[in-house]
Amino acid sequence: MTTEVAVQRIALPTGVALDVATAGDPAAPAIILLHGFPESHRTWRHQIPALAQTHFVIAPDQRGFARSDKPLGVEHYRPDRPVADLLALADHFGKQRFTLVGHDWGGAIAWAAALNHADRVERLIIVNAPHPLIFQRTLFDDQGQRAASQYIRAFRDPSLEAHIAAIGVEAYFARTFMGHADPEALAAEKPHYLDQWTQPGALTAMFNWYRASAMIVPAMDEQSARPAFLDAPFPPLAMPVLVIWGMNDTALLPCQLEGMDALVPDLTLVRVADAGHFVTWEAPDAVNAAMRAFLG
């Protein structure tokens, strides 16, 4: 069966226009898919046809990515802004309640939306995106995760764009991205990445997600002041949650799964042994099977 995917430009009341892929029956229950860095709605290219059989699929290119709007200024990429985009997008399609799916930065936005807008999120599916409490805690308490996250400090460096301009985007892609996922799949997708990354302002906009985040990433030898919330009670999530985790992720280590059951009472956890961070297209059959079982 061929699933038709339409991409439309939608101007939101949040001040940005996003490219949004949709598929399935608009009258069906909605499922919204949020991609992460450094991708686009193509993150979900293997999931959209499967999900469209039972749901109306909404998969935006988030602000700052691909050809969606890229407002100037780091403040436009604080997590509350893409959360507002998400809710406005659901409103645009008349969907008060929806299943929310997020990978990487899209997962961070999905966690935030579920924690702060539980009335809108019926079910939550997280793919290799850490719970905010666990992530910040491990950045202080787990030296392995702190080491794996030092790239965030590099992304926050204001001289990064000048460095990329000097070596070229293609060289940067080869040096930074090719080693973190299946080389064959990356080679096939490379033209899409290079096209999206070379849109005017795209690299700065993508890095601004990291620059706008309040997440503290200490240097390896740094003794940072410990945020009080790390050792205080944290609100549990109310809705059913599926967490899918590619266990070979070199950026987000398995310590991100420790203690999650206390924060997510209705938790289904699916570990995918033979995939890494980009599990949605490294092991699509496993991801689709987990989603189908969870969604019933």
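Note that the numbering runs from 1 along the sequence shown for the chain.
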**Q** Establish, yes or no, whether a centroid distance under 6.0 Å links the rings of F234 and H131.
**A** yes

**Q** Minimum heavy-atom separation for G24 to F56, with atom names?
**A**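 Scanning both residues completely, I find the closest heavy atoms to be O-CD1, 3.7 Å.
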
**Q** Side-chain contact, heavy-atom cut-off 4.5 Å: T138 with I134?
**A**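 Yes, at least one pair of side-chain atoms sits under 4.5 Å.
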
**Q** Between N248 and A273, is there a donor-acceptor pair closer than 3.5 Å when you use the side chain of the first and the backbone of the second?
**A**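 Checking the backbone N and O of A273 against the side chain of N248, a donor-acceptor pair under 3.5 Å is found.
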
**Q** At what distance, to the nearest 0.5 angstrom, does CE of M206 lie from CG of L203?
**A**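 With rounding to 0.5 Å, CE (M206) is 4.5 Å from CG (L203).
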
**Q** Does E39 reach the side chain of H192, with side-chain heavy atoms less than 4.5 Å apart?
**A** no

**Q** Quick one: does any side-chain atom of S68 pair with a main-chain N or O of D61 as donor and acceptor, under 3.5 Å?
**A** yes

**Q** What's the verdict on side chain to side chain donor-acceptor pair (under 3.5 Å) for N128 and H103, showing C-alpha distance, side-chain angles and the deciding distance?
**A** CA-CA 6 Å; N128 281 72; H103 171 253; 5.6 Å; no

**Q** Answer yes or no: is there a side-chain heavy-atom contact under 4.5 Å between R137 and R226?
**A**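 Result yes, sub-4.5 Å side-chain heavy-atom pair found.
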
**Q** List the steps and the verdict of side chain to side chain donor-acceptor pair (under 3.5 Å) for W197 and E170.
**A** CA-CA 10 Å; W197 293 12; E170 192 162 357; over 6 Å; no

**Q** Quick check: is Y151 connected to M215 through a chain of hydrophobic side chains (ILVMFWY, heavy atoms under 4.5 Å apart)?
**A** yes

**Q** Nearest 0.5 Å please: distance from the NZ atom of K95 over to the CG atom of L87.
**A**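 Answer for the NZ-CG pair, K95 versus L87, is 15.5 Å.
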
**Q** Does N208 use its side chain to pair, donor to acceptor, with the backbone of R211 at less than 3.5 Å?
**A**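 Not at all, since once roles are kept as given, no pair shorter than 3.5 Å links the two residues.
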
**Q** So, K190 and E184, do they make that salt bridge, N to O below 4.0 Å?
**A**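 Not counted as a salt bridge, because no side-chain N and carboxylate O are separated by less than 4.0 Å.
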
**Q** Strictly distance-based, threshold 3.5 Å: is any side-chain N or O of Q136 a donor or acceptor partner for the main-chain N or O of I216?
**A** yes

**Q** With D19, which of Q62, Q8, R9 fulfils side chain to side chain donor-acceptor pair (under 3.5 Å)?
**A** R9

**Q** Just how far is it from atom CD1 of I126 to atom CG of L269, taken to the nearest 0.5 Å?
**A** 12.0 Å

**Q** Going from CG on D261 to OG1 on T268, what distance comes out if it is rounded to the nearest 0.5 angstrom?
**A**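 One finds 12.0 Å between CG of D261 and OG1 of T268.
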
**Q** Using links of under 4.5 Å between side-chain heavy atoms of ILVMFWY residues, direct or through other members, which residues join V287 in one cluster?
**A**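 Result for V287 is V5, I31, L33, W44, I48, L51, V57, V101, I125, V127, L242, I244, V270, V272, V279, M291, F294, L295.
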
**Q** Ignoring hydrogens and angles, state whether a donor on the side chain of T99 or E122 is under 3.5 Å from an acceptor on the partner side chain.
**A** no

**Q** Flag the pair E282 / L186 as yes when at least one side-chain heavy-atom distance between them is below 4.5 Å, and no otherwise.
**A**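 No, their side chains stay 4.5 Å or more apart.
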
**Q** Checking the side chain of D249 only, and the main-chain atoms of G276 only, is there a donor and an acceptor separated by less than 3.5 Å?
**A**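 It does not hold such a pair.
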
**Q** At their closest point, which heavy atom of P29 faces which heavy atom of T54, and how far apart are they?
**A** CD-O, 3.9 Å

**Q** Give a yes or no on whether L194 and F207 share a hydrophobic cluster (residues Ile, Leu, Val, Met, Phe, Trp, Tyr; joining criterion: side-chain heavy atoms under 4.5 Å apart).
**A** yes

**Q** Considering non-hydrogen atoms only, spot the tightest contact between F278 and A181 and give its length.
**A** CD1-CB, 3.8 Å

**Q** Which residue in the set F155, W105, W209 passes ring pair (Phe, Tyr, Trp, His ring centres under 6.0 Å) when paired with F37?
**A**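 Passing option: F155.
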
**Q** For residues V74 and L160: do they belong to one hydrophobic cluster (side chain heavy atoms under 4.5 Å, members Ile, Leu, Val, Met, Phe, Trp, Tyr)?
**A** no

**Q** Closest approach of P235 and L115, non-hydrogen atoms and distance?
**A** O-CD2, 3.8 Å

**Q** So does R45 pair up with E189, basic N to acidic O under 4.0 Å?
**A** yes

**Q** With the side chain counted from C-beta on, respond yes when D266 and V264 share a heavy-atom pair under 4.5 Å apart, and no when they do not.
**A**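 No; the side chains remain at least 4.5 Å from each other.
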
**Q** Quick check on the hydrophobic clustering: are L237 and F229 connected, directly or via other members, by side-chain heavy-atom contacts under 4.5 Å?
**A**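 Same hydrophobic cluster.
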
**Q** Run the side chain to side chain donor-acceptor pair (under 3.5 Å) test against D80 and tell me which residues pass, sequence neighbours left out.
**A** R78

**Q** Return yes if some donor-acceptor pair links the side-chain N/O of N116 with the main-chain N/O of A112 below 3.5 Å, else return no.
**A** yes

**Q** Please check this pair: side chain of Y77 against backbone of P82, looking for a donor-acceptor N/O pair closer than 3.5 Å.
**A**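 Checked: no pair found.
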
**Q** Starting at CG of L34, measure out to CG of L86 and round the result to the nearest 0.5 Å.
**A** 5.5 Å

**Q** Ring centres of F140 and F135 under 6.0 Å apart?
**A** no

**Q** Is the backbone N or O of Y210 less than 3.5 Å from a side-chain atom of S213, with the two atoms forming a donor-acceptor pair by type?
**A**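 Flag not set: sc S213 to bb Y210 has no pair under 3.5 Å.
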
**Q** Are more than 12 heavy atoms from other residues, nucleotides or ligands located less than 6.0 Å from atom CD of Q223?
**A** no

**Q** Identify the two heavy atoms, one from A251 and one from A148, that lie closest to each other, and give their separation to 0.1 Å.
**A** O-CB, 3.7 Å

**Q** So which atom in R292 and which in A50 form the shortest heavy-atom distance, rounded to 0.1 Å?
**A**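 So the minimum-distance heavy-atom pair works out to NH1-CB, 4.3 Å.
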
**Q** Any donor-acceptor pair under 3.5 Å linking the side chain of W111 with the backbone of A129?
**A**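 Looks like yes, one N/O pair under 3.5 Å.
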
**Q** Do any N or O atoms from the side chain of R63 and from the backbone of H76 form a donor-acceptor pair under 3.5 angstrom?
**A** yes

**Q** So if I apply the side chain to side chain donor-acceptor pair (under 3.5 Å) rule between S149 and each of R146, R153, Q145, which one comes out positive?
**A**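 Result for side chain to side chain donor-acceptor pair (under 3.5 Å) with S149: Q145.
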
**Q** Is V7 linked to V20 within one hydrophobic cluster, defined over Ile, Leu, Val, Met, Phe, Trp and Tyr using a side-chain heavy-atom separation of less than 4.5 Å?
**A**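 Shared cluster, no.
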
**Q** For the aromatic rings, using the six-membered ring if either is Trp, is the centroid distance between H41 and F65 under 6.0 Å?
**A** no

